[in-house]
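Take a look at the structure set out below.
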Amino acid sequence: MTNKWVCLVIGALRPGTLRFGELRRRLDGITQKMLTQTLRDLERAGLVHRAVYPSVPPRVEYSLSPLGANVGGLMDAIRVWSETHIDDIRRAQEEYDRKAGEELQPV
């Protein structure tokens, strides 16, 4: 159950319940097939709750389960850490790239 969309779907559901179409509009670039598969995987893992309401056509809503809300909090902590340390990360990347470039120079 690891793909780039898992974190994005959980993040999109953090504010509250959404229908499939609303969720897809929030996740620019996700295909219907990928969103369906990701939601099924998250529901199977107990992170997302799927509610089906009998109407024509059927109304389906998705929300985070308590477990999903819990992992969402962890993801927020990682986002905050990343934002706090973005300059350190960029410096480390630049240093790595500089050293790698030196190693490729002919002697």
Side-chain angles (χ1 to χ4, degrees):
M1 181 188 66
T2 55
N3 67 56
K4 72 178 187 177
W5 295 108
V6 168
C7 292
L8 296 172
V9 168
I10 291 173
L13 289 172
R14 292 281 324 261
T17 301
L18 294 173
R19 293 179 70 177
F20 186 91
E22 296 169 318
L23 193 50
R24 186 159 180 216
R25 282 188 290 280
R26 287 196 184 190
L27 299 170
D28 187 38
I30 193 168
T31 64
Q32 181 172 337
K33 179 181 177 181
M34 181 54 69
L35 180 55
T36 298
Q37 185 60 54
T38 301
L39 286 166
R40 283 182 185 157
D41 291 345
L42 290 169
E43 183 182 9
R44 182 172 180 261
L47 301 175
V48 166
H49 174 71
R50 180 176 179 263
V52 181
Y53 300 95
S55 62
V56 178
R59 184 171 55 117
V60 180
E61 294 180 340
Y62 297 90
S63 60
L64 292 179
S65 68
L67 189 62
N70 187 269
V71 78
L74 293 172
M75 291 167 47
D76 276 349
I78 292 169
R79 179 189 51 79
V80 168
W81 180 91
S82 298
E83 290 171 353
T84 301
H85 295 285
I86 189 67
D87 291 334
D88 299 322
I89 293 167
R90 286 190 180 133
R91 275 192 296 278
Q93 290 172 333
E94 290 167 2
E95 179 66 15
Y96 178 91
D97 292 346
R98 184 187 61 73
K99 287 180 180 177
E102 290 174 0
E103 292 173 5
L104 295 176
Q105 296 294 325
V107 186

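Only a predicted model underlies this, so the values are computations on that prediction, with no experimental measurement involved.
Under the 4.5 Å side-chain heavy-atom criterion for ILVMFWY residues, a single connected hydrophobic cluster contains both Leu64 and Val52.
Under the 4.0 Å criterion applied to side-chain N and carboxylate O atoms, Glu95 and Lys99 are assigned as salt-bridge partners.
Qualifying side-chain hydrogen bond (donor to acceptor under 3.5 Å, both in side chains) partners for Asp97, counting only residues two or more places apart in sequence or in other chains: none. Checked against side-chain hydrogen bond (donor to acceptor under 3.5 Å, both in side chains), Asn70 has no partners two or more places apart in sequence or in another chain. Not counting sequence neighbours, the partners of Arg79 by the side-chain hydrogen bond (donor to acceptor under 3.5 Å, both in side chains) test are Glu83. In this structure, the side-chain hydrogen bond (donor to acceptor under 3.5 Å, both in side chains) partners of Gln37, at least two apart in sequence or on a different chain, are Asp41.
Of all non-hydrogen atoms in Ala12 and Leu23, the two that sit nearest each other are CB-CD1, 3.6 Å. Shortest non-hydrogen contact noted between Leu67 and Gly46 is CB-O, 3.6 Å.
Note on residues 7-31: pairs passing side-chain hydrogen bond (donor to acceptor under 3.5 Å, both in side chains), not counting sequence neighbours, are Arg14-Asp76. Applying the salt bridge (Lys or Arg N to Asp or Glu O under 4.0 Å) rule to pairs touching residues 49-60 yields Arg59-Glu61, sequence neighbours excluded.
Distance check, rounded to the nearest 0.5 Å: CG of Leu8 to CG of Leu13 gives 11.0 Å. How far OG1 of Thr38 is from CG of Leu47: 12.0 Å, rounded to the nearest 0.5 Å. Once rounded to the nearest 0.5 Å, the distance linking NE2 of His49 with OG of Ser65 reads 9.5 Å. A distance of 11.0 Å separates SG of Cys7 from CG of Leu74, quoted to the nearest 0.5 Å. Distance check: Leu35 CG to Phe20 CZ gives 4.0 Å after rounding to the nearest 0.5 Å. How far CG of Leu42 is from CZ of Arg40: 12.5 Å, rounded to the nearest 0.5 Å.
The environment of Arg44 atom CZ is sparse: at most 12 non-hydrogen atoms of other residues, nucleotides or ligands sit within 6.0 angstrom.
Between Val9 and Tyr62 the shortest side-chain heavy-atom distance does not fall below 4.5 Å.
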